[in-house]
Amino acid sequence: MSVSVTMKKLGIEQMMKYLCKDPEKNLIKLMDWADKFSKGEFEVQREIIRHAIENPDDPYYPFIRHVVNDIDSDVLTTVAVNFFINANLIGWPKQEQYRKEYNCNIPWAILLDPTSACNLHCTGCWAAEYGNKLNLSFDEIDDIIRQGKELGVYMYIYTGGEPLVRKDDLIRLCEKHDDCVFLCFTNATLIDEKFADEMLRVKNFIPAISLEGDEAATDSRRGEGTYQKVIKAMKLLRDRKLLYGISSCYTSANFEAITSDEYYQSLIDLGAYFIWYFHYMPVGNDAVPELLPNPEQRETVYRRIRHLRATKPLFAMDFQNDAEYVGGCIAGGRRYLHINANGDVDPCVFIHYSNANIRECTLLEALQSPIFMAYHDSQPFNDNMLRPCPMLENPECLRQMVEKTGAHSTDPQSPETAEHLCAKCDAYAACWKKEADRLWAEDRAAKQK
């Protein structure tokens, strides 16, 4: 680590300690220091942050205070250092260096499934088709992280299955790789007092808890009593001043409910710090294409989420409609990849076709495999950032890439052909194109004014 990076890391640690002594007073002082040492860079961003700090009418005025007052100071410091210094200041330049050196994508984050097992069996969950017998061993996950850090990757995201089936191993990995951030998509029903205490001890584990809406909606999909277990888990996290958020998947059936003011406000009241919205993907032979939102419904979601995050104190991400902020599709290792519990290295958590298995090749070799190079050579798949995905909005692209590279289905229970998957998206893509092109043109015109 360079002297410059070490000084900046120490600087963040000292800033966080100073901030926590008197947040209300020292927030403004820290902003003054940031302005002084910014050398004129990030002027717009600094103005936005200053306004949120100083103006009680700003929707993020209470959010900033929620962060600095309600998250344990050591947790906040650890996450800040690991995210801003390690994952970005250290990691990003290394990723860029290796992208040029190896002429392939190098990810910013790695998604991986510690296990295919789950303690629930939720309706419509493609992961449930994987069965309960597949696992990445502790040593395998440890080696993936080791290889990732060599390439500059310090952000790891657990999916599944239910990752917390392996919670003892996950805590050990947090300990061993205390310079990384670990985000975990979880149903939260396995979060108990012991595990919450372990989270507080390691400080670098952040759950994103799955919710489908209110109690009736959540229990109808995930099983009776699930919602109350989630509420109990969030109380355990809140009592320990831990960082946590929500994950919600919108469909044609629930889009109204989970993008409503009432639902959004309920998450704020529950103490969440972020929500990650996902578009339903018709993955798997048993998928239900009828759950795909129609164009009018997707536009409603697009507008509602942007309105909510501009007016309410909760950080929201819309995985499908926010592609303009990341330059289109981020899969295929461009910014992330997915490794399933069988070791298959998939280009996307939703697209299960591969030429590589981490048990048979290195992470770098997987990134240089045919399907990953097809992503590298084809991204972005569309100039309209409201049509980023090679499956959902551009199914002809996925068909061509799978055929050209000979990638095989990595679903071990019920392999699905690319043709079968893409056929479920053809009508959706055609209907969405007209509305997406209109929305994209309107957005471009508004930003030019």
Side-chain angles (χ1 to χ4, degrees), residues 71-72 74-75 78-79 81-83 86-87 107-120 125 127-128 130-149 153-210 229-230 232-234 236-238 240-247 273-274 276 336-346 349 358-359 363:
I71 299 177
D72 176 84
D74 290 336
V75 170
T78 298
V79 171
V81 168
N82 291 359
F83 182 83
N86 299 337
W108 179 77
I110 293 177
L111 277 67
L112 55 92
D113 302 346
T115 181
S116 63
C118 185
N119 60 319
L120 301 180
C125 176
Y130 273 36
N132 297 321
K133 297 181 180 180
L134 302 177
N135 293 281
L136 293 171
S137 70
F138 174 88
D139 289 339
E140 286 172 332
I141 300 173
D142 178 44
D143 192 53
I144 290 167
I145 297 169
R146 179 193 61 77
Q147 292 185 61
K149 289 199 292 187
V153 183
Y154 290 86
M155 175 68 67
Y156 294 87
I157 304 174
Y158 295 124
T159 57
E162 170 49 54
L164 295 191
V165 169
R166 299 278 304 282
K167 55 187 174 182
D168 290 343
D169 281 340
L170 300 190
I171 289 295
R172 288 174 61 203
L173 289 160
C174 287
E175 288 179 303
K176 186 167 184 179
H177 300 281
D178 59 1
D179 52 352
C180 294
V181 176
F182 294 95
L183 181 72
C184 180
F185 290 106
T186 174
N187 62 46
T189 60
L190 297 178
I191 295 177
D192 54 18
E193 290 191 4
K194 179 182 176 182
F195 185 70
D197 287 340
E198 287 290 85
M199 286 177 56
L200 183 59
R201 181 174 65 84
V202 297
K203 303 175 181 61
N204 57 343
F205 187 90
I206 304 170
I209 299 169
S210 298
K229 290 179 181 177
V230 170
K232 180 180 178 181
M234 283 196 271
L236 291 173
L237 300 174
R238 190 166 60 249
R240 287 158 179 78
K241 305 185 76 173
L242 288 162
L243 177 60
Y244 59 96
I246 304 298
S247 170
Y273 293 89
F274 62 88
W276 199 327
Y336 92 94
L337 56 79
H338 172 243
I339 303 174
N340 70 20
N342 196 43
D344 299 302
V345 188
D346 295 327
V349 70
I358 202 65
R359 292 167 176 159
L363 182 58

What's the shortest heavy-atom distance between A341 and T115, and which atoms?
CB-C, 3.7 Å
For the backbone of L134 and the side chain of S116, can you confirm whether one donor and one acceptor N or O come within less than 3.5 Å of each other?
yes
Hey, does D168 have a side-chain heavy atom less than 4.5 Å from the side chain of R172?
no
Close aromatic pair by centroid cut-off 6.0 Å: F182 and Y154:
no
Does the side chain of D346 reach to within under 4.5 Å of the side chain of L337, using non-hydrogen atoms?
no
Side chain to side chain, I339 and L111, heavy atoms closer than 4.5 Å:
no
Which value, rounded to the nearest 0.5 Å, describes the distance between D74 atom CG and R201 atom CZ?
13.5 Å
For N342 and N340, work out which heavy atoms get closest and say how close.
N-OD1, 2.8 Å
Residue pair I145, C180: steps toward the side-chain contact (heavy atoms from CB on, under 4.5 Å) verdict
CA-CA 9 Å; I145 297 169; C180 294; 4.3 Å; yes
Nearest-0.5 Å distance that lies between atom CH2 in W108 and atom CD1 in I110
12.0 Å
Is there side-chain contact between I206 and V181, with at least one heavy-atom pair below 4.5 Å?
yes
So which of I157, V349, I209 actually passes side chain to side chain contact (heavy atoms under 4.5 Å, CB included) with F185?
I157
Donor-acceptor check, side chain of R240 to backbone of L236, threshold 3.5 angstrom: yes or no?
yes
My understanding is that only one of L173, D113, I358 makes a side chain to side chain contact (heavy atoms under 4.5 Å, CB included) with I141; could you say which?
L173
Nearest heavy atoms of L237 and P207, plus distance in Å:
CD1-CG, 3.9 Å
Go through M155 and Y336 one step at a time and tell me if the side-chain contact (heavy atoms from CB on, under 4.5 Å) criterion holds.
CA-CA 10 Å; M155 175 68 67; Y336 92 94; over 6 Å; no
What do you reckon, is NZ of K229 surrounded by more than 12 foreign heavy atoms closer than 6.0 Å?
no
Restricting to non-hydrogen atoms, name the atom on F195 and the atom on L164 that form the minimum distance, rounded to 0.1 Å.
CZ-CD2, 3.7 Å
L136 side chain near R359 side chain, heavy-atom distance below 4.5 Å
yes
Nearest heavy atoms of P114 and L170, plus distance in Å:
CG-CD2, 4.0 Å
Cut-off 3.5 Å, side chains only: do N204 and H177 have a donor facing an acceptor?
no
Hey, is D169 close enough to R166 for a salt bridge, meaning N to O under 4.0 Å?
yes
When K149 is tested against each of D143, D179, D178 for salt bridge (Lys or Arg N to Asp or Glu O under 4.0 Å), which residue passes?
D179
State, yes or no, whether a side-chain contact exists between V75 and L200 at a heavy-atom distance under 4.5 Å.
yes
Side chains of D72 and L242: does their closest heavy-atom pair fall under 4.5 Å?
no
Please check if any side-chain donor atom of T186 sits under 3.5 Å from a side-chain acceptor atom of E162, or the reverse.
yes
Cationic N near anionic O, under 4.0 Å, K167 to E198
no
Enter the distance from S247:OG to W276:CH2 here, rounded to the nearest 0.5 Å.
8.5 Å
Do I71 and K241 have side chains that get closer than 4.5 Å, going by heavy atoms?
no
Could you tell me which non-hydrogen atom of A109 sits nearest to which non-hydrogen atom of V153, and how far apart they are?
CA-CG1, 4.1 Å
Please determine, by modelled atom types, if T189 and N187 share a side-chain donor-acceptor pair under 3.5 angstrom.
yes
Do K176 and D142 meet the salt-bridge criterion of a basic N to acidic O distance under 4.0 Å?
yes
